[in-house]
Amino acid sequence: APAPPPEPPVVATIQTSVVKINGVSRAIDLRVENGVSYLKIRDFEQFFKVTITWDPSTKVAGISAGGETFNVNAKDNTVSLGGETKKLNKPLRLADGRLWFPVRDCAAIAGGTVSFDPLWGITIDIPVLSVKKA
């Protein structure tokens with residue numbers, strides 16, 4: 001049997017975009033890869049009242065908010081919250097010394113929604129998280 005065709009190369013661009021989360025807009029860098037938008041996990045600190053930790057040996061980031069912590073595992077592409085572990089639809093990316101999280105998966109896991117408007121950009125609503133005001 002012939003070998004399967006090689007995977008296409010990952011083509012990623014970094015673009016500064018205005019993202020509105022829970023009504024608060026900020027300009028952040030998004031990694032856009034094959035039509036999927038990723039945000040840096042550290043950008044959660046810009047928008048939300050959270051604390052982020054990173055363990056480089058296990059490649060696990062912890063995001064703590066309101067007494068709860070969810071863990072993002074870059075090795076097995078999962079997020080754990082309250083004893084429940086969910087596999088992400090799109091892979092996490094470790095690039096440029098940063099952990100990038102797929103925007104749609106991020107919102108879905110937190111019980112939120114994402115919409116895109118070509119004029120206004122990305123809007124994310126995550127009702128369970130408190131947003132920092134500018």
Side-chain angles (χ1 to χ4, degrees):
E7 289 284 322
V10 172
V11 177
T13 59
I14 305 297
Q15 58 191 49
T16 301
S17 301
V18 174
V19 175
K20 183 191 286 186
I21 299 182
N22 291 3
V24 175
S25 296
R26 292 203 172 86
I28 62 171
D29 287 339
L30 290 177
R31 177 182 172 93
V32 180
E33 182 179 304
N34 300 333
V36 178
S37 295
Y38 292 80
L39 56 85
K40 290 183 298 250
I41 206 150
R42 287 278 174 202
D43 285 334
F44 282 77
E45 291 176 316
Q46 270 195 54
F47 284 97
F48 301 113
K49 298 174 184 175
V50 298
T51 303
I52 297 176
T53 58
W54 172 249
D55 183 338
S57 64
T58 61
K59 299 204 177 350
V60 173
I63 302 173
S64 300
E68 287 198 64
T69 298
F70 70 93
N71 292 313
V72 178
N73 187 321
K75 277 187 181 175
D76 65 9
N77 211 47
T78 60
V79 174
S80 300
L81 176 63
E84 188 178 343
T85 299
K86 295 181 180 181
K87 187 89 168 150
L88 298 171
N89 292 322
K90 300 292 181 188
L92 294 161
R93 292 291 188 222
L94 282 169
D96 308 317
R98 305 276 186 250
L99 179 60
W100 298 84
F101 205 108
V103 172
R104 287 199 184 277
D105 282 357
C106 165
I109 284 170
T113 59
V114 175
S115 60
F116 177 76
D117 181 292
L119 187 60
W120 301 108
I122 296 173
T123 298
I124 304 169
D125 290 305
I126 304 175
V128 297
L129 291 177
S130 299
V131 174
K132 289 181 177 179
K133 299 297 179 194

Are the side chains of [X] and [Y] in touch, meaning some heavy atoms are under 4.5 Å apart?
| X | Y | value |
| --- | --- | --- |
| K40 | D29 | yes |
| K20 | I124 | no |
| S17 | Q15 | yes |
| R31 | R93 | yes |
| I14 | W100 | yes |
| Y38 | V32 | no |
| V19 | R26 | no |
| L99 | V72 | yes |

**OP:** Let me know which of D43, L39, T13 forms a side chain to side chain contact (heavy atoms under 4.5 Å, CB included) with L30.
**Re:**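 Running side chain to side chain contact (heavy atoms under 4.5 Å, CB included) over D43, L39, T13 with L30 returns exactly one hit, L39.
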
Can any side-chain N or O of [X] pair as donor or acceptor with the backbone N or O of [Y] at less than 3.5 Å?
| X | Y | value |
| --- | --- | --- |
| D55 | S57 | yes |
| W54 | K59 | no |
| D105 | K90 | yes |
| N77 | K87 | no |

Residue pair [X] / [Y]: nearest heavy atoms and the distance that separates them:
| X | Y | answer |
| --- | --- | --- |
| T69 | S64 | OG1-OG, 2.7 Å |
| N71 | G62 | OD1-CA, 3.6 Å |
| A61 | I41 | CB-CD1, 4.1 Å |
| S25 | V18 | CB-CG1, 4.0 Å |

**OP:** Answer yes if the side chains of N73 and T78 hold a donor-acceptor pair under 3.5 Å, and no otherwise.
**Re:**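 Note: N73 and T78 side chains miss the donor-acceptor criterion.
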
